[in-house]
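A quick write-up on the structure given underneath.
Letters A, B, ... are given to chains in the order of the sequence lines, protein chains preceding strands, and every chain is numbered from 1.
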There are 2 protein chains.
Amino acid sequence: MTAAGKHQVSRTETPRRSGRPGRAGIRDVAAAAGVSITTVSDALNGKGRLPDATRSHVREVAERLGYRPSAAARTLRTGKSGLIGLTVTTYGDEPFTFTEFAYFAEMARAATSAALARGYALVILPATSRHDVWSNVALDGTVVIDPSDQDPVVTELVRQGLPVVSDGRPAGALPVTAWVDNDHRAAVLDLLDHLAAAGARRIGLLTGTTTDTYTRLSTTAYLHWCERVGQDPVYESYPAHDPCAGAVAADRLLARPDRPDAVYGLFDPNGTDLLAAARRYGLRVPEDLLLVCCSESTVYAATEPPITTLSLKPRHIGTAVVQLLIDAIEGVEHDGPVEQVIPTELIVRTSSQRRPPRTTVSAPRSPSRD
Amino acid sequence: MTAAGKHQVSRTETPRRSGRPGRAGIRDVAAAAGVSITTVSDALNGKGRLPDATRSHVREVAERLGYRPSAAARTLRTGKSGLIGLTVTTYGDEPFTFTEFAYFAEMARAATSAALARGYALVILPATSRHDVWSNVALDGTVVIDPSDQDPVVTELVRQGLPVVSDGRPAGALPVTAWVDNDHRAAVLDLLDHLAAAGARRIGLLTGTTTDTYTRLSTTAYLHWCERVGQDPVYESYPAHDPCAGAVAADRLLARPDRPDAVYGLFDPNGTDLLAAARRYGLRVPEDLLLVCCSESTVYAATEPPITTLSLKPRHIGTAVVQLLIDAIEGVEHDGPVEQVIPTELIVRTSSQRRPPRTTVSAPRSPSRD
DNA sequence: CTGAAAGCGCTAACAA
DNA sequence: TTGTTAGCGCTTTCAG
């Protein structure tokens, strides 16, 4: 059935040798099914219009032989790998910091699910990865978390023509394909209003020394708010990637002569740190000190007292980012903008309510009800 | 310099067409540098013994052209992709549960770093991934977290001849290449002894209804210990993947008529849940109730009181697992066993010390000292 | 509607 | 030493 010695030279007497021993190739399947390799490819990928009988027969044979198409060959041929990079910022040698754990974990989890549902898988690639690692993996596109201004990785990826979607609006003129972010400014203003409504007279801020967009926007919003209401800013900064520095900064904030009667902490562990500091200074929460922190952790529902948190909705963000990226990869045109703002959520708990909801409280050790 | 029309037939008048527009191929580099593609390949990969001049010249030209080798082509040719799968258990549609966040995040973080240091990248692949996703990515090997007995994914991977290293000793006769785990039994026994030494008379357990190895081994160890010391087991189980169920189970445990005077919680959030439950019942920690939970979270250093935790050392595990896997991939022979046991660490804090370092404690409500 | 053949971009034998 | 060539396993025009 095959024209043997026409004008082929070397391929005479090895009719079916599979590449690696043990794994069946498409040729093996074709031979076993008595069809051509084209038919096998089409049958398995649902491409051509073959009779259903042929299709199912081929599928059956492939199954029986344990045939697995080679991802590398397909990628080489089609130019699509089905792989999406997930680029995380690094501090020192480690990808992402401890304070970002919950956020990152939630975000990555949602991103993984969303990607999977559309047939893609995620590759974790720290931004500072060795160059050879980046070029060793065929990516269809990349999600970048919080890219810095002029990020060399993003620039390079875009130059290669790969779609890049960022979590966090890109600083500077970074040419990303799309981005997803919260409205940090609005979130902070809202939250400060909430605290003021609960009776706060002097609101303090626990912020970071880092220059990432989140920290910068949030801090700026705080300063604007202070200016608007005529309050002197009261804040302490610390390197957010140092897990111990937070506790020290929290302590410093409450030790100030102009001690605030309410505090917002920008980072996840700030809640427990501030609570601990408050105990050290004999401050009751929420009676003497109102507390809010930005966190995705559920532990704050069970602390004493439960602490009000601002959620950035990392799951929404993870999902949105991946959808946008895959749309770009697959060439889906978007009518709307390629910028997406995800609303935040303020989860109000006892720590930010001067009048707690419970009615029956046996008089605590503080006799003063006002 | 190149012999043009010797005995080539079809390749006469297209000297340099690159595959995709915009990206330079190895041929373009060869042409631009005036050498053959082999020389380019060797120069860039540090393979052959070329003069340093040629090598640097080629590198320079490649750089200038913005040449990036095609990962797909290299993978197809060499059979190595530089990609390692990180398989996580799934609950519902989501990869890993909330209670495993801190553990997973730490473990994945360490694994990512370790892989990167050896030139590999990690691909997140939930165990329940669609089959087509698995076969769409060329993996050199896989890390499996807590594989279940007869795990079909592992079985399939091993059948394909891929090395598989598991975090958690494999249940049943799962043919993994290597595994890394803690000695959960010893850890629990140690911890119970610690509580008993602190004065616990009746130790309770907060455990899971799931059948994974960790839960099973830990629970069994607890039962053994109870038998040994002649204590009636006091425990509550709940589905660990449900974040709310833990609080309810903690409450149930402390509401029992045979209320324990010490509790060990197997899962991360148990500490805060138990603390909250203790407050509801007016139990002081550690005076009326000793508390320990298994957690990687630092929040327990700042709770009131700080809670003693058992750390499973996920970073050690993540690193070890990846090292073992890459060794297997690269054919490094191990003299030692391919089973590695990572020691746990009990971080003792106030919650498990009946005599806290502070000297002034008003007499607890239980007058009976014997 | 099916099959043969041409590569995708690279590496590793071999030939010069 | 450097260059030529044959594929890795698959998809995909293009003939039949």
**OP:** Spell out, as yes or no, whether a donor-acceptor pair under 3.5 Å connects the side chain of A:Thr177 to the backbone of A:Val164.
**Re:** yes
**OP:** Quickly work out the B:Leu65 CG to C:dG9 P distance and round it to whole Å.
**Re:** 15 Å
Original post:
Less than 4.0 Å between a side-chain N and a carboxylate O, is that true for A:Arg59 and A:Asp52?
Top reply: no
Original post:
Under the 3.5 angstrom rule, does the side chain of A:Asn136 hit a backbone N or O of B:Gly82 as a donor-acceptor pair?
Top reply: no
**OP:** Measure the distance from CG on B:Leu76 to P on D:dT11 and round it to the nearest whole Å.
**Re:** 12 Å
**OP:** For a side chain to side chain contact (heavy atoms under 4.5 Å, CB included) with A:Val35, tell me which candidate from A:Asp42, A:Val29, A:Val58 qualifies.
**Re:** A:Val58
Original post:
Can you give one letter per nucleotide of nucleotides 10-16 of chain C, going 5' to 3': B for a protein heavy atom under 4.0 Å from the base, S for sugar-phosphate only, - for none?
Top reply: BBBB---
Original post:
Do side-chain atoms of A:Ser70 reach the backbone of A:Ala73 as a donor and acceptor pair under 3.5 angstrom?
Top reply: yes
Original post:
How long is the line joining NZ of A:Lys80 and C1' of C:dC8, in whole Å?
Top reply: 14 Å
